[in-house]
Amino acid sequence: MTSPVREPDARGFFGTFGGRYMPEVLMPALEELGKAFEEVRGNAAFQGELRTVMEEYSGRPTPLTACRRYAGAGEDFVLELKREDLNHTGAHKINNTLGQVMLAVRMGKTRIIAETGAGQHGVATATAAALFGLPCVVYMGVEDIRRQALNVERMKLLGAEVFPVDQGAGTLKDAVNEAMRDWVRNVGGTFYVLGSAVGPHPYPVMVRTFQSVIGIEAREQFTQRHGTLPDLLVACVGGGSNAAGLFHPFLDTSVQMVGIEAGGTGDDPGRHGSSLGLGSPGIFHGSLSYVLQNDDGQIVTAHSVSAGLDYPGVGPEHSQWKESGSVAYYRVSDGEALEATRGFTRDEGILPALEAAHALAWIFREREGLAGKKVLMCLSGRGDKDMETLLEGRV
Amino acid sequence: MDRLDRTFREPGKKLIIYLTAGYPSPGADEELAHCAIEAGADILELGFPFSDPVADGPLIQEASRVALENGMSLRGTLALAGRIRKRKDTPLILMGYVNPVYRMGYGTFSQRAADEGVDGIIVPDLPMEESGPLKGDLHRAGISLIPMAAPTTPPARVERLLSSGSGFLYLVSMTGLTGDAIASSADWKPVAASARDMGKLPVCLGFGIRHGRDAAEVVGDVNGVVVGSAVTRVIMEAGSPDAALRSVDELIRELASAVNSG
């Protein structure tokens with residue numbers, strides 16, 4: 001294990017992963033965004049304003065909840081959950097969208113665009129845009145629109161325009177493509193709020209920085225409650241923003257870290273979303289990172305029962321953490337995630353999002369090995385959005 | 001590389017025609033390529049398809065999708081280039097997104113492209129900052145990495161693009177996608193003028209040029225024009241392979257006549 005690079009270099013590389021692989025039209029805009037982000041990172045006034053919005057609007061800090069029954073937690077081992085599901089709009093996504101939309105306002109941008117898969121990032125972006133009074137267009141695949149009709153209506157209520165994307169499989173990857181095309185056409189006044197720690201520099205570092213509030217709070221809360229650091233961190237990984245937000249503030253410790261990818265329905269191409277576990281390095285959506293691809297370098301469609309993990313790429317910082325051995329990555333199947341959702345809801349009285357249920361399922365699978373350990377997991381979102389999927393899977 | 005330089009040293013404006021390899025079908029693509037050259041294309045650009053073409057509008061997206069369904073790949077595109085090269089001495093350029101090239105390996109790609117008689121490559125999602133490794137391998141193989149500039153590119157960056165690239169400067173006419181309409185020449189003319197003043201590479205304008213009329217309007221300010229989506233459209237709208245050949249022949253003759261009188 002080598003020690004990971006903590007911050008990307010000037011071109012946005014975490015070691016060998018990252019970069020800025022985008023059309024020339026967008027290069028000046030990405031440079032402008034990188035500069036604006038670096039400015040606000042160390043700007044006390046901006047950070048103070050962001051903290052206030054987080055507290056008074058989104059409900060931060062989110063609590064830690066100790067599990068009492070699930071998988072033997074409470075008796076055999078400690079399992080603390082960082083409750084990102086208790087954020088306004090029900091997931092960690094708003095940490096990032098509030099930060100990015102505030103940055104857009106500061107940069108004088110007048111229009112917000114975003115992509116969404118399940119609709120969580122779309123709702124969080126539409127919410128932030130409503131709060132700051134900016135028009136918002138959300139690109140969403142037609143297949144996801146069908147699966148997530150309620151979130152579509154929520155975005156519309158929030159004043160956003162939802163633009164259906166019928167290219168490809170009509171899912172998240174295609175929505176990102178279309179959002180990027182919109183940005184190419186309207187680069188002057190438009191701010192693209194990207195939803196995960198993926199994409200061209202500075203998005204991976206920017207999204208992770210806005211999400212690091214998860215790990216910063218959790219580290220303090222855990223230490224206060226237990227007098228020590230946790231032994232193990234666990235989080236689900238699609239693009240990887242909630243995991244990066246939890247892990248990054250612990251990189252200076254010896255705490256073990258585990259990321260859980262979507263194992264879907266098997267290891268064959270098209271059946272899973274395990275870019276790190278089953279993919280290979282490639283250049284996709286603006287950065288060099290692990291990606292699901294065939295021999296010709298064509299991107300392969302991902303699959304997961306959870307729309308938030310249904311993406312064939314992953315953030316470059318995770319690729320670096322995999323290569324450096326800083327984080328271990330495993331995968332959990334659709335079936336295990338659904339099972340964990342039911343078991344956990346009954347045991348703890350919390351309905352988790354299917355994404356977070358992947359992390360819960362891994363904890364259940366590994367429960368014997370966890371005896372005597374102290375585990376901190378990011379419960380990245382709540383599962384109300386997944387009720388239809390849960391009902392479909394009941395038969 | 002020599003073929004490109006030679007072409008631009010010859011007098012007259014140049015017409016560059018883009019075709020997607022594997023579209024509308026393997027075999028038909030090769031016939032269209034020969035047809036395009038015979039109708040007046042000075043340089044042929046062969047697109048190798050990618051699953052996620054973020055800089056392309058609906059026409060080339062659709063052509064790429066069909067080409068992939070037809071089993072076209074980067075390897076297949078290289079082989080097609082080689083077959084065209086056996087019969088024609090026209091400069092051949094490949095155009096496509098970086099991941100298939102990265103996946104094949106920059107060194108392997110460069111060698112194979114040279115073996116097939118390819119003269120240059122355009123990679124829309126490989127900006128100057130990330131192009132070093134590929135450029136090194138291409139240079140050793142004698143192939144140009146053709147730089148792209150856009151209306152958003154500041155003059156200092158245009159200068160760096162001209163110094164770092166070879167072949168010609170591909171100037172995108174607008175902040176838009178392939179197939180979009182050109183809104184205003186005020187977008188691209190300043191970039192064309194500063195590139196011309198720097199004088200390091202010929203400048204060719206692409207995106208949004210649909211007819212002889214469009215080509216005639218812009219060609220005075222540049223060394224050549226690139227037409228892709230308009231060609232793709234007539235192929236898409238043709239009822240049969242023969243009709244596609246006739247429409248492509250007709251369109252390219254119209255474009256060539258506009259370019260040559262420019």
Side-chain angles (χ1 to χ4, degrees), chain A residues 9-13 16 18-32 165-169 173-190 199-201 280-289 291-301 312-313, chain B residues 48-58 61-62 64-65 67-68 71-77 96-105 109 123-132 147-154 157-158 161 169-172 174-178 180 183 187 191 207:
Chain A
D9 67 17
R11 278 166 52 219
F13 279 91
T16 53
R20 190 179 266 169
Y21 296 86
M22 289 302 274
E24 177 64 26
V25 171
L26 294 178
M27 293 305 282
L30 287 165
E31 262 174 46
E32 179 198 10
V165 178
D166 60 4
Q167 283 91 2
K173 162 177 102 89
D174 313 294
V176 174
N177 291 342
E178 212 50 40
M180 285 180 169
R181 291 184 187 119
D182 179 311
W183 203 26
V184 166
R185 281 177 165 145
N186 302 292
V187 62
T190 294
H201 180 62
S280 54
I283 298 165
F284 175 54
H285 284 163
S287 57
L288 171 54
S289 191
V291 58
L292 301 176
Q293 59 183 328
N294 68 15
D295 281 348
D296 185 37
Q298 307 298 333
I299 307 306
V300 172
T301 305
Chain B
F48 52 92
F50 184 51
S51 50
D52 296 84
V54 295
D56 284 303
Q61 284 178 45
E62 175 63 8
S64 304
R65 189 190 66 75
L68 287 173
M72 187 43 70
S73 61
L74 179 54
R75 279 178 190 80
T77 307
Y97 295 83
V98 66
N99 197 48
V101 183
Y102 178 81
R103 179 75 169 159
M104 180 177 280
F109 168 80
V123 190
D125 61 342
L126 188 70
M128 179 169 57
E129 286 79 356
E130 315 299 351
S131 68
M148 294 185 98
T152 51
T153 311
R157 192 174 165 88
V158 173
L161 285 169
L169 180 73
Y170 188 130
L171 176 57
V172 175
M174 64 183 118
T175 55
L177 308 172
T178 55
D180 285 353
D187 288 346
V191 186
F207 285 38

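We use all heavy atoms of the structure for the numbers below, so side chains are in, but hydrogens, waters and symmetry mates are not. Model, not experiment: these values are computed from the prediction. We name chains A, B, ... by the order of the sequence lines, and we start the count at 1 in each one.
- Heavy atoms of B/Pro127 lying under 4.5 Å from chain A belong to its backbone as well as its side chain.
- Interface residue B/Pro154: only side-chain heavy atoms are found under 4.5 Å from chain A.
- Contact tally against chain B (heavy-atom pairs below 4.5 Å) for A/Val291, A/Val176, A/Val184: the top residue is A/Val184.
- Contact annotation for A/Ser280: only side-chain heavy atoms (C-beta onward) come within less than 4.5 Å of a heavy atom of chain B.
- With sequence neighbours left out, A/Arg20 forms a salt bridge (Lys or Arg N to Asp or Glu O under 4.0 Å) with no residue at all.
- What you find for B/Leu161 and A/Glu24 is that their closest heavy atoms are CD1-OE2, 4.1 Å.
- A/Gln293 is listed as a side-chain neighbour of B/Asn99, based on a closest heavy-atom distance under 4.5 Å.
- One finds the CG atom of B/Asp52 at 7.0 Å from the CG atom of A/Asp174 (value rounded to the nearest 0.5 Å).
- For A/Pro23, the parts sitting under 4.5 Å from any heavy atom of chain B are the backbone and the side chain alike.
- When B/Met174, B/Arg157, B/Glu62 are compared by the number of non-hydrogen pairs under 4.5 Å with chain A, B/Arg157 comes out ahead.
- Of the atoms belonging to B/Val54, heavy atoms from both backbone and side chain fall under 4.5 Å from chain A.
- Of the listed residues (A/Val187, A/Asn186, A/Ile299, A/Val300), the one with the most heavy-atom contacts under 4.5 Å to chain B is A/Ile299.
- Only the side chain of B/Tyr102 comes within contact range of chain A, with at least one heavy atom under 4.5 Å from a heavy atom of that chain.
- Rounded to the nearest 0.5 angstrom, B/Tyr97 OH and A/Phe284 CZ are separated by 12.5 Å.
- Neither the backbone nor the side chain of A/Pro200 comes within contact range of chain B; no heavy atoms are under 4.5 Å apart.
- Panel note: side chain B/Asp125, backbone A/Tyr21; no donor-acceptor pair is recorded below 3.5 Å.
- The residue among B/Leu68, B/Val101, B/Val172 with the most heavy atom pairs within less than 4.5 Å of chain A is B/Leu68.
- Two residues are said to be in side-chain contact when any heavy atoms from C-beta on lie closer than 4.5 Å; B/Glu129 and A/Met27 meet this criterion.
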Quiz prompt | Stepwise side-chain contact (heavy atoms from CB on, under 4.5 Å) check, A/Leu288 with B/Glu130 | solution = CA-CA 10 Å; A/Leu288 171 54; B/Glu130 315 299 351; over 6 Å; no
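- Note: A/Met22 leads A/Met22, A/Glu178, A/Met180 in heavy-atom pairs under 4.5 Å with chain B.
- Here OG of B/Ser51 is found 8.0 Å from CG of A/Asn294. Values are rounded to the nearest 0.5 Å.
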Exercise. Check the pair B/Asp180, A/Arg185 against side-chain contact (heavy atoms from CB on, under 4.5 Å), reporting the backbone distance first and the verdict last.
Key: CA-CA 9 Å; B/Asp180 285 353; A/Arg185 281 177 165 145; 2.6 Å; yes
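- Side chain of A/Asp296 to backbone of B/Pro100: no donor-acceptor contact under 3.5 angstrom is found.
- One distance of note links CZ of B/Arg103 with CD of A/Gln298; it measures 11.0 Å at 0.5 Å rounding.
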Quiz item: After noting the C-alpha distance and the side-chain angles of B/Arg65 and A/Gln167, does the key distance pass the side-chain contact (heavy atoms from CB on, under 4.5 Å) rule?
Solution: CA-CA 9 Å; B/Arg65 189 190 66 75; A/Gln167 283 91 2; over 6 Å; no
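- Under the side chain to side chain donor-acceptor pair (under 3.5 Å) criterion, A/His285 pairs with A/Asn177, A/Tyr311, not counting sequence neighbours.
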